[in-house]
Amino acid sequence: MFEQLDFSRFHNKNTHERDQFCRELISELSKSGWVRLVNHGVPPESIDRAFEMSREFFELPLDQKLKSPHPPTAHPHRGFSPVGLENISSVSNYRSSAIQPLLRDMKVYLLIGYISTVFQYLASPGLHDGFRDTMNSFFTFCYEAELMILDAISIGLGLPIHSLRELHGAQTNELRLTHYPEVDRADFANATRIAAHTDFGTITLLFQDNVGGLGKRYYLPNVGIELTFKEMEQPPGSGVFVPADNAGLHECIVNVGDCLQIWTGLHSARHRVHLAKRESQGDMVPERFSIAYFAKPDRAALLRPLLDSLDKPTQKLLTANEFQHMRIEGTYA
């Protein structure tokens with residue numbers, strides 16, 4: 001269902017070929033709000049190292065991880081979050097008529113980011129300098145890739161090339177390392193990995209481990225295990241979720257966030273991570289890891305339509321900061 005695009009085409013010296021790629025990018029994003037990218041600018045070795053450091057962090061004893069806790073409220077939106085602290089189900093039905101059930105998330109995560117371009121990370125005793133250096137480097141690669149992708153989206157929409165880039169100079173971005181612990185399949189009766197939601201920012205760069213893939217349904221008959229996988233709502237607003245294909249660890253899944261939808265009209269599709277359906281119960285579902293880089297607008301950026309074809313708002317415009325606070329508050333209620 002989802003095509004894989006080679007982002008190296010964006011750097012083609014032939015502007016006609018570059019612009020053709022940008023139009024294809026917009027075509028894919030218009031269909032589903034997602035696109036699969038290779039040669040996106042984040043080096044494979046940087047991705048590998050980030051996953052290694054992520055696993056090291058989550059293997060620390062819980063008491064050490066909790067030395068750098070996410071607060072029980074939405075702000076500051078940084079730190080280690082144990083199972084149950086964040087409640088994505090509370091925002092599952094944002095701007096949607098297809099109501100989703102309230103399900104508890106079975107995940108833990110570590111949220112880190114830049115503040116005034118200085119890297120902020122968690123200084124848990126079990127972490128060494130390699131963690132800080134690895135995540136700092138990975139964050140920088142993601143930011144550079146973000147700006148190139150925003151330029152490509154601008155061109156594809158017929159906007160001046162730096163229209164979106166200029167709204168993202170302050171690096172108010174976030175890096176989320178997520179661990180899905182091993183759980184009993186029976187636990188999915190009233191829970192899920194991540195409940196259905198849209199992302200709050202501009203775009204998300206998502207990297208997945210090879211356990212279960214992204215959108216591929218895996219069944220291991222010798223041990224009776226079926227894994228969790230990522231699904232997206234298709235068609236938009238239908239309440240029907242379908243698998244989203246993925247080719248492996250180094251492929252980047254880019255999805256449209258709420259802010260980009262307001263600016264451009266591209267669809268910010270709902271997505272979730274859930275369990276493939278089977279009749280039997282009681283199997284243990286293996287652990288998984290993912291890394292998501294959330295590209296966020298500058299806090300003072302106004303969320304107003306950038307295209308003449310879009311309807312103009314009839315109420316007061318929100319800044320990106322006001323909008324982000326409004327969306328995040330609900331997840332820690």
From CA spacing to verdict: side-chain contact (heavy atoms from CB on, under 4.5 Å), Q208, L249: CA-CA 5 Å; Q208 298 272 139; L249 182 67; over 6 Å; no

Report the C-alpha separation of F10 and D151 in whole Å, then their side-chain angles, then the decisive distance to 0.1 Å, and conclude whether the side-chain contact (heavy atoms from CB on, under 4.5 Å) test is met. CA-CA 9 Å; F10 175 71; D151 286 349; 3.8 Å; yes

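- There is a side-chain donor-acceptor pair under 3.5 Å between S8 and D6.
- Between the side chain of T204 and the backbone N or O of L206, no donor-acceptor pair lies under 3.5 Å.
- Classification of the F80-F58 ring pair by plane angle, with boundaries at 30° and 60°, yields tilted.
- A donor-acceptor pair is defined here as one N or O able to donate and one able to accept, closer than 3.5 Å; such a pair exists between the side chain of E322 and the backbone of T319.
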Report the C-alpha distance between F138 and F51 in whole Å, list the side-chain angles of each, state the deciding distance to 0.1 Å, and finish with yes or no for side-chain contact (heavy atoms from CB on, under 4.5 Å). CA-CA 10 Å; F138 183 75; F51 272 99; over 6 Å; no

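- Under a cut-off of 6.0 angstrom, the local environment of CG in N14 is crowded, with over 12 non-hydrogen atoms contributed by other residues, nucleotides or ligands.
- Listed for the N173 side chain is a donor-acceptor partner under 3.5 Å among the backbone atoms of K296.
- With S163 contributing its side chain and P160 its backbone, the two residues share a donor-acceptor pair below 3.5 Å.
- Of the possible donor and acceptor atoms, one in the side chain of S268 sits under 3.5 Å from a partner among the backbone N and O of V256.
- The stretch residues 15-27 participates, sequence neighbours left out, in these side-chain hydrogen bond (donor to acceptor under 3.5 Å, both in side chains) pairs: R9-E24, Q20-R23, Q20-E24.
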Tell me, with the steps shown, if L303 and C259 meet side-chain contact (heavy atoms from CB on, under 4.5 Å). CA-CA 7 Å; L303 297 181; C259 292; 4.0 Å; yes

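- Looking only at distances, a side-chain donor or acceptor of T172 sits under 3.5 Å from a matching main-chain atom of P297.
- More than 12 heavy atoms of other shown residues, nucleotides or ligands fall within 6.0 angstrom of atom CG in D63.
- Relative ring orientation between H168 and W263 is described as perpendicular, the plane-to-plane angle rising above 60° on a 0-90° scale split at 30° and 60°.
- Between the S54 side chain and the A50 main chain, no donor and acceptor come within less than 3.5 Å of each other.
- Ring pair F21/F7: centre-to-centre distance below 6.0 Å.
- In summary, the aromatic rings of Y293 and F139 are positioned with their centroids under 6.0 Å apart.
- No donor-acceptor distance shorter than 3.5 angstrom exists from the side chain of D209 to the backbone of R288, with no hydrogens or angles considered.
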